[in-house]
Asker: 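One structure coming up, written as structure tokens, with questions to follow.
A note on names: the letters A, B, ... follow the listed sequences, proteins ahead of strands, and every chain is numbered from 1. Every heavy atom of this structure was used, including side-chain atoms; hydrogens, water molecules and symmetry mates were not.
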There are 2 protein chains.
Amino acid sequence: MEIDARKMKILQAIVRNYLETGEPVGSRTISKYTDLNLSSATIRNEMADLEELGYILQPHTSAGRIPSDKGYRLYVDTMMAEKEQEVNEMKELLLEKEEKMDAMLKRVAKILANDTNYAAMISAPAVQGNKVKFIQLSRVDKHQLIAVIMVEGNIIKNNIIHVNDYLDDETILKLNIMLNSSLGGLSISEINLAMIAQLKHQAGVHEDIISDVIDAVADAIKGNDEDLEIYTSGAKNIFRYPELADNQKASEIIDAFEEKQMLSSLVKETLTNSESRGIQVYIGEESPVSTIKDCSVVTATYELGEGMRGTIGIIGPKRMDYEKVVDSLKGLMHQLDNLYDKNE
Amino acid sequence: MEIDARKMKILQAIVRNYLETGEPVGSRTISKYTDLNLSSATIRNEMADLEELGYILQPHTSAGRIPSDKGYRLYVDTMMAEKEQEVNEMKELLLEKEEKMDAMLKRVAKILANDTNYAAMISAPAVQGNKVKFIQLSRVDKHQLIAVIMVEGNIIKNNIIHVNDYLDDETILKLNIMLNSSLGGLSISEINLAMIAQLKHQAGVHEDIISDVIDAVADAIKGNDEDLEIYTSGAKNIFRYPELADNQKASEIIDAFEEKQMLSSLVKETLTNSESRGIQVYIGEESPVSTIKDCSVVTATYELGEGMRGTIGIIGPKRMDYEKVVDSLKGLMHQLDNLYDKNE
DNA sequence: TGTTAGCACTCGGATTAAATGAGTGCTAAC
DNA sequence: GTTAGCACTCATTTAATCCGAGTGCTAACA
């Protein structure tokens with residue numbers, strides 16, 4: 001058996017209705033809901049077929065039908081296809097340039113959560129492949145140096161380096177010149193072992209320090225994989241949806257939101273999956289994070305200049321308003337792009 | 001009517017029993033629970049008195065009694081008095097020196113939450129009154145300077161300063177010397193307007209920059225009041241306690257945990273209240289944060305070297321195991337102190 | 001005067017039973 | 001292929017009932 005146009009229409013009606021109400025939907029409802037002008041009996045026949053095909057299911061005998069993951073998937077896919085061309089004009093979110101990246105990200109998450117009534121997360125742009133803009137080594141006191149490293153996108157890292165021997169001003173100056181001239185403008189992938197060996201050689205007796213500095217640089221450029229910074233907002237929104245609000249489930253979801261590294265697998269998956277910059281939808285079990293398998297996740301990849309990519313995500317019940325969420329995310333992606341242009 | 005020794009013992013028994021079970025406790029239970037050897041009838045009489053005094057209350061007629069906020073308060077106060085001298089030996093929490101302050105704090109919160117089965121929060125040490133250890137201005141490119149400020153306790157702040165005119169190396173060097181010699185070793189309270197005016201005067205045409213740097217320094221030393229950094233862990237633990245786990249309450253508590261600035265009033269209150277370094281208990285409505293008025297909060301102030309004080313807190317149901325929590329916090333405070341000594 | 005046994009009474013929560021009604025599958029007629 | 005009709009199912013709602021923990025009060029006791 002194949003799914004035909006009419007079945008598709010009925011499926012869509014079922015999904016839409018279920019998104020609204022959260023209640024299983026019956027044949028009579030659908031027969032009034034659609035413009036098909038079919039009796040409930042006919043709908044019932046079609047629904048039986050749809051069930052056999054696995055797109056919908058019955059929570060129990062004599063209840064209406066709800067969409068299965070597969071049903072949601074089909075719905076989302078066709079909806080996304082329709083949205084493909086559509087240039088989206090959403091209301092301006094008033095994103096202004098803010099000095100601090102983290103404050104901005106927190107704000108974005110908050111706006112998104114408020115706007116959609118779902119939970120929102122955003123990952124700080126990973127600076128993978130980013131280029132070194134500025135390096136400086138300074139002496140704080142006898143045994144402490146501080147390394148300041150700035151990479152493209154004005155992200156700054158500091159590392160404290162402990163040294164045994166006192167370094168005089170001249171040596172430090174030399175090291176600084178050396179570091180900047182050899183590493184400035186390079187990205188992590190361009191800094192290879194040969195170069196490091198060369199640097200160490202040049203540094204002579206100070207090769208330990210160079211090695212520490214290089215580590216710091218590497219750290220700054222690649223951004224530690226594990227502690228991808230993730231900001232969240234609106235976790236409390238899950239309590240709006242009874243199907244997520246029972247203790248067991250809520251507890252798991254809240255935990256995922258608090259121990260943010262659980263979400264990082266989601267971010268990673270999104271970043272690798274997205275060819276350039278797509279919107280992705282994970283429905284229920286499809287999600288890489290097992291503790292939120294009763295939720296759906298809609299993610300978007302944003303790009304702040306070359307190479308600086310991050311992920312925005314909306315997490316809500318499976319019956320989330322995919323259409324609205326996709327719109328919101330698209331609008332936001334757009335704005336983040338603009339923001340970067342203005343920033344430069 | 002006054003509360004006498006026997007009433008006190010009965011109140012303690014009621015509180016303890018309620019902490020364990022979470023159920024209202026009746027006279028019969030208490031008559032067996034205590035070593036007073038009194039019949040339930042006698043206990044009933046005493047309980048009627050305790051109720052009249054406001055230490056306990058009945059959720060409804062023909063239910064047992066539960067402690068009122070006032071009852072908890074009395075219980076906690078007497079318990080704390082007993083603990084006053086007691087030097088506490090708790091199991092080592094394996095706190096090791098970690099390079100990054102924030103990672104350490106997150107870990108402490110996590111340990112605490114796991115250890116107690118309540119929710120935990122910790123605020124980063126506020127650097128109030130801290131002294132400037134090192135200031136450096138460097139040129140990143142034509143129009144960008146970066147100011148690196150390190151204060152005691154190795155906390156580093158970076159500020160990017162935009163300038164219109166190009167500053168040559170010599171000027172920057174001069175500014176650096178000037179800044180370090182005039183501000184080094186001073187705390188915010190010691191940097192006054194006269195000094196700033198003097199600095200600006202010295203800087204001549206570059207007074208704008210000085211002004212920016214001073215701002216950055218002020219920022220670094222005092223740490224912005226609003227964004228006290230707060231780390232939390234174990235929010236999901238609230239679901240262990242049915243009296244907190246209903247949608248409405250859980251939602252509010254979770255929100256407070258996510259929008260951490262709500263907790264900052266708690267931190268501030270704690271820091272100002274604590275003469276030197278006490279443990280404080282806020283029961284129910286006593287808490288400065290209204291959204292967690294169904295919880296109790298136990299806070300401790302820790303000190304990492306002079307002037308760097310932060311707050312650790314445990315948030316749980318009113319029937320929390322105050323004794324254990326106070327012990328845990330005391331142990332942790334102790335360890336944080338040690339940590340600092342080792343760090344230096 | 002303080003303590004205790006006994007008893008009637010209260011009331012929330014659990015248990016059970018019945019009623020309700022939304023929704024289904026199937027059949028037969030159009 | 002569509003539809004009306006009907007018997008059947010079953011989660012949910014409502015009402016009725018029971019149960020028992022716990023109380024307050026009184027009278028007797030030490």
Asker: If you apply the rule side chain to side chain contact (heavy atoms under 4.5 Å, CB included), what do you find for B/Leu36 with B/Lys9, and how did you get there?
Answerer: CA-CA 9 Å; B/Leu36 288 170; B/Lys9 251 189 159 166; 3.8 Å; yes
Asker: Thinking salt bridges, do A/Lys236 and B/Glu252 make one under a 4.0 Å N-O criterion?
Answerer: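 So A/Lys236 does not pair with B/Glu252 through a salt bridge.
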Asker: Output the rounded distance in Å from CD (B/Glu52) to C1' (D/dT23).
Answerer: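 Computing the B/Glu52:CD to D/dT23:C1' distance gives 16 Å.
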Asker: Heavy atoms only: give me the nearest A/Ile230-A/Lys260 pair and the separation to one decimal.
Answerer: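 Residues A/Ile230 and A/Lys260, closest heavy atoms: O-CD, 2.8 Å.
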Asker: Over how many whole Å does the gap from A/Arg6 atom CZ to D/dG1 atom C1' extend?
Answerer: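 For the pair A/Arg6 CZ and D/dG1 C1', the rounded distance is 8 Å.
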Asker: For residues A/Leu263 and A/Ala256, report the shortest heavy-atom separation together with the two atoms involved.
Answerer: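 Looks like CG-O, 3.7 Å.
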Asker: Expressed as a whole number of angstroms, how long is the span from B/Arg65:CZ to D/dG22:P?
Answerer: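 Taking CZ of B/Arg65 and P of D/dG22, I get 11 Å after rounding.
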Asker: Using side-chain hydrogen bond (donor to acceptor under 3.5 Å, both in side chains) as the criterion, point out the one residue from B/Lys293, B/Arg73, B/Gln280 that pairs with B/Glu286.
Answerer: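 Only one option passes, and that is B/Arg73.
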Asker: Do the non-hydrogen side-chain atoms of A/Met79 and A/Gln12 ever get within less than 4.5 Å of each other?
Answerer: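 SC-SC contact between A/Met79 and A/Gln12 ruled out.
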Asker: Among side-chain atoms of B/Ser27 and B/Arg44, is any donor-acceptor pair under 3.5 angstrom?
Answerer: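 Result is yes, a qualifying pair exists.
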Asker: Quick check: do A/Tyr118 and A/Pro317 have side-chain heavy atoms less than 4.5 Å from each other?
Answerer: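 Yes. Closest side-chain heavy atoms under 4.5 Å.
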Asker: Indicate, with yes or no, if the rings of B/Tyr72 and B/Tyr55 have centres closer together than 6.0 Å.
Answerer: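 Here the rings of B/Tyr55 and B/Tyr72 have centres that are no less than 6.0 Å from each other.
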Asker: Which residues within residues 24-51 of chain B lie with some heavy atom under 4.0 Å of an atom in DNA chain C?
Answerer: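 Hits under 4.0 Å, by residue number: B/Asn37, B/Leu38, B/Ser39, B/Ala41, B/Thr42, B/Arg44, B/Asn45.
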Asker: A/Ile56 has an atom CD1; how far is it from atom C1' of C/dT24, in whole Å?
Answerer: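 From A/Ile56 CD1 to C/dT24 C1': 12 Å.
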Asker: For the pair made of CD in B/Gln58 and C1' in D/dA21, what is the distance, rounded to whole Å?
Answerer: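 From B/Gln58 CD to D/dA21 C1': 12 Å.
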Asker: Yes or no on side chain to side chain contact (heavy atoms under 4.5 Å, CB included) for A/Glu258 and B/Glu258, after CA distance, side-chain angles and deciding distance?
Answerer: CA-CA 8 Å; A/Glu258 197 178 40; B/Glu258 197 176 41; over 6 Å; no
Asker: Can you name the closest pair of heavy atoms from A/Leu244 and A/Gly316 and give their distance?
Answerer: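 Shortest heavy-atom separation between A/Leu244 and A/Gly316 comes out as CD1-C, 4.1 Å.
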Asker: Give every pair of a protein N or O atom and an N or O atom of nucleotides 10-12 of chain C that lie under 3.5 Å apart, one pair per line with the distance.
Answerer:
unit_1: C/dT10; atom_1: O2; unit_2: B/Ser62; atom_2: OG; d: 3.1
unit_1: C/dC11; atom_1: O4'; unit_2: B/Ser62; atom_2: OG; d: 3.3

Asker: Quick one: stems involving DNA chain C, counted as three or more successive Watson-Crick or G-U pairs, both distances short of 3.5 Å.
Answerer: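 DNA chain C forms these stems: C:1-30 with D:1-30.
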Asker: Starting from P on D/dA21, measure out to CG on B/Asn17 and report it in whole angstrom.
Answerer: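 Atom CG in B/Asn17 sits about 15 Å away from atom P in D/dA21.
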